[in-house]
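Along the sequence shown, the residues carry numbers beginning at 1.
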Amino acid sequence: MALSCRGVCSGASLILLYGKRPVGVKASLCTPRLASTKSSSLWFVRHYSPSQARHGIGRSVVSGLKWANEKYERFLQRRFPRFYVIYHTFMRGFRLLFQDGKELRRIVARMLSERIEHQNLPYRDMEKIRLVRRDLIKAIPLVILSIPPFANYVVFILMYLYPRQLLIRHFWTPQQLVEFQGVYHAQRAQHHWAIVKGMENTSTSVQDSRLKSRLTELCSKVRSGVHPVVSDVHAVRTLFSGPPLGIKRMYANQMRHLCALLFLTPRLPGFWIGRRLNSHAFELMQLDRAIVRLGLHQLNDAELREACYVRGLNPDRLSPGQCREWLTQWLQFSTHLKESETSLYLHCMVLLTVNFPKHPSH
């Protein structure tokens with residue numbers, strides 16, 4: 001006997017709800033349509049989850065914010081060009097700072113996982129750690145000043161008025177970077193001749209007549225505008241590992257002049273200044289050895305100029321070839337030094353830089 005319409009609809013309802021055909025109900029003309037509806041529903045549930053929905057909404061929000069930000073930047077560039085330069089510099093600075101943070105995290109994770117000591121790191125990793133540490137030391141006082149309520153507005157004004165003193169390099173324009181490096185070098189250059197004079201005055205207390213004459217001759221060469229060679233410096237190296245010019249034996253006034261070469265504050269007790277000078281000089285010596293491991297030819301022009309600047313030479317008016325020539329001579333000098341000869345390393349930041357690129361005398 002044929003099934004009634006009511007029975008067929010009841011069976012179809014059960015199929016839709018339970019996904020099974022009840023006993024005694026045969027497939028009819030309605031069944032294929034219901035099966036296709038069921039399979040499409042299951043496919044939609046299987047292939048479209050709530051997490052995918054949230055991901056799609058997130059992408060839409062990010063793209064919308066990016067579009068709005070680009071439109072805002074075009075508006076600033078068209079209507080307020082001077083403010084746009086400041087705004088663009090700050091945004092670029094935050095991106096660079098974030099990249100440095102990620103890079104530092106990668107380096108530290110590698111050091112911990114592979115148990116690599118700091119002095120065995122590649123040159124670029126060691127340099128990145130040095131720069132990030134320096135930037136953090138400079139930024140910490142500014143962050144502390146921003147803690148009180150509404151103090152951040154005052155900090156923004158100070159940052160705008162005194163970018164060289166308060167901002168780190170990420171927030172400088174390329175023109176400011178060149179200008180500020182010139183200012184800093186001019187400040188340390190004011191101490192060059194005081195350091196040379198301190199060496200001349202110390203030579204009177206040298207007992208060995210041969211070492212005394214060589215030190216006096218070296219200072220005279222530098223004063224007369226001659227760029228000394230590495231052998232001139234190595235001839236007096238024993239005077240810088242003990243008395244009278246060792247890092248723990250020299251006069252406090254001489255150490256305070258040396259602080260200017262590394263942009264360290266001289267307003268500290270003498271023993272503390274000596275420790276800081278020693279640690280900074282030893283770090284640069286390790287960087288020199290890392291450059292040798294890497295190969296000087298692997299450094300690009302920007303890295304060459306930065307390496308020269310950190311070691312006391314102003315690369316502002318030098319060509320990349322001259323920077324490479326000077327750094328080659330510097331590495332020939334520094335890679336043969338011992339840890340106890342950090343004082344000689346610091347003094348040569350004057351002796352081997354002040355008259356470059358003048359030709360040495362023969």
Heavy-atom side-chain proximity of Tyr123 to Leu299 below 4.5 angstrom: yes
Minimum-distance pair of heavy atoms, taken over all atoms of Ile273 and Leu268: CD1-O, 3.3 Å
Leu167 with Leu161, same ILVMFWY side-chain cluster at under 4.5 Å: yes
Under 3.5 Å side-chain donor-acceptor pair for Asp316 and His185: no
Over 12 foreign heavy atoms within 6.0 Å of CZ, Arg164: yes
Donor-acceptor contact below 3.5 Å, side chain Gln322 vs main chain Ser319: yes
Qualifying residues under ring pair (Phe, Tyr, Trp, His ring centres under 6.0 Å), relative to Phe94, sequence neighbours excluded: Phe171
Side-chain heavy-atom pair Arg276, Thr265 within 4.5 angstrom cut-off: yes
Donor-acceptor under 3.5 Å (Arg311 side chain, Thr353 main chain): no
Between Asn201 and Tyr251, a side-chain donor and acceptor under 3.5 Å: no
Lys/Arg cation over aromatic Phe333: Arg237, 6.0 Å, 45° cone: no
Connected via hydrophobic side-chain network under 4.5 Å: Tyr162 and Ile140: no
Worked verdict on Glu217 versus Arg214 for salt bridge (charged side-chain N to carboxylate O under 4.0 Å, His left out): CA-CA 5 Å; Glu217 181 182 356; Arg214 286 179 176 177; over 6 Å; no
Neighbour count above 12 (heavy atom, 6.0 Å) for Glu114 CD: yes
Over 12 foreign heavy atoms within 6.0 Å of NE2, His234: yes
Pair His347, Gln254: side-chain N/O donor-acceptor within cut-off below 3.5 Å: yes
Salt bridge (charged side-chain N to carboxylate O under 4.0 Å, His left out) evaluation trace for Glu306 with Arg169: CA-CA 13 Å; Glu306 179 66 21; Arg169 56 192 170 88; over 6 Å; no
Within 6.0 angstrom of Glu339 CD, more than 12 heavy atoms from elsewhere: no
Arg249 CZ: over 12 foreign heavy atoms closer than 6.0 Å: no
Linked, directly or transitively: Phe271 and Leu258 (ILVMFWY side chains, under 4.5 Å): yes
More than 12 heavy atoms from other groups under 6.0 Å of NZ on Lys197: no
Cluster overlap Met285 with Val292, hydrophobic side-chain contacts below 4.5 Å: yes
Leu277 side chain near Thr342 side chain, heavy-atom distance below 4.5 Å: no
Path from Ile129 to Leu136 over hydrophobic side-chain contacts below 4.5 Å: yes
More than 12 heavy atoms of other groups within 6.0 Å of Phe263 CZ: yes
